[in-house]
Novice: 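Next up is a structure, given as structure tokens.
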Amino acid sequence: QVQLVESGGGLVQAGGSLRLSCAASRLTFSRYTMGWFRLAPGKERELVAAISWVAGTTYYTGSVKGRFTISRDNTKNTVYLQMNSLKPEDTAVYYCAARYGGGYSTKLADYDYWGQGTQVTVSS
């Protein structure tokens with residue numbers, strides 16, 4: 001059974017940093033595009049960042065460009081999200097997701113597997 005396990009969430013003050021990790025098991029990790037989504041209260045789940053399985057092409061939603069960095073280590077089956085200059089509006093549950101063989105997509109239904117989520121809370 002495929003598992004995606006996120007870690008690294010927590011409470012941080014505005015301007016601070018967090019690094020999220022998502023460890024994948026029981027899948028051919030190098031063949032999956034990986035995405036980080038977030039779900040904030042009263043909002044829809046949105047794609048924050050993604051990294052493709054081929055060439056490592058990255059995508060960022062506009063509000064996090066220049067502050068967040070997504071990366072992957074195929075030897076560890078892990079994808080990371082480095083979050084700097086955090087703002088209260090970044091507060092959300094962050095989920096990692098895996099999509100087999102395709103490029104990034106903003107559509108939830110295009111992803112094959114999901115993690116359980118990790119809470120990020122940014123205080124002002």
Novice: May I ask you to test the L27-N77 pair for a side-chain heavy-atom distance under 4.5 Å?
Specialist: no
Novice: What I want to check is whether the side chains of N74 and S30 have a donor and an acceptor closer together than 3.5 Å.
Specialist: no
Novice: Pairs in or reaching into residues 32-84: which pass disulfide bond (SG atoms under 2.5 Å apart), with residues at least two apart or in two chains?
Specialist: none
Novice: Holding to salt bridge (Lys or Arg N to Asp or Glu O under 4.0 Å), I want the full list of residues that pass it with E89, two or more places apart in sequence or in another chain.
Specialist: none
Novice: Any sub-3.5 Å donor-acceptor pair from S124's side-chain atoms to P88's backbone N or O?
Specialist: no
Novice: V54: which other cluster members, linking ILVMFWY side chains closer than 4.5 Å, directly or transitively?
Specialist: W53
Novice: Could you tell me if the side chain of L86 sits less than 4.5 Å from the side chain of L18, heavy atoms only?
Specialist: yes
Novice: Enumerate, atom names and distances included, each donor-acceptor pair closer than 3.5 Å involving a side-chain atom of residues 5-16, sequence neighbours excluded.
Specialist:
| unit_1 | atom_1 | unit_2 | atom_2 | d |
| --- | --- | --- | --- | --- |
| E6 | OE1 | Q116 | N | 3.0 |
| E6 | OE1 | Q116 | NE2 | 3.4 |
| E6 | OE1 | G117 | N | 2.9 |
| E6 | OE2 | C96 | N | 2.8 |
| E6 | OE2 | G117 | N | 3.2 |

Novice: Name every donor-acceptor pair, under 3.5 Å, that has one atom in a side chain of residues 78-85 and the other anywhere in the protein, sequence neighbours excluded.
Specialist:
| unit_1 | atom_1 | unit_2 | atom_2 | d |
| --- | --- | --- | --- | --- |
| T78 | OG1 | K76 | O | 2.8 |
| Q82 | NE2 | N84 | OD1 | 2.9 |
| N84 | OD1 | S17 | OG | 2.9 |

Novice: Check ring-ring contact (aromatic ring centres under 6.0 Å, His included) between Y59 and all other residues, then give those that pass, not counting sequence neighbours.
Specialist: Y104
Novice: Between F29 and R72, is there a cation-pi geometry (under 6.0 Å to ring centre, at most 45° from the normal)?
Specialist: yes
Novice: Between F37 and W114, does the ring centre distance come in under 6.0 Å?
Specialist: yes
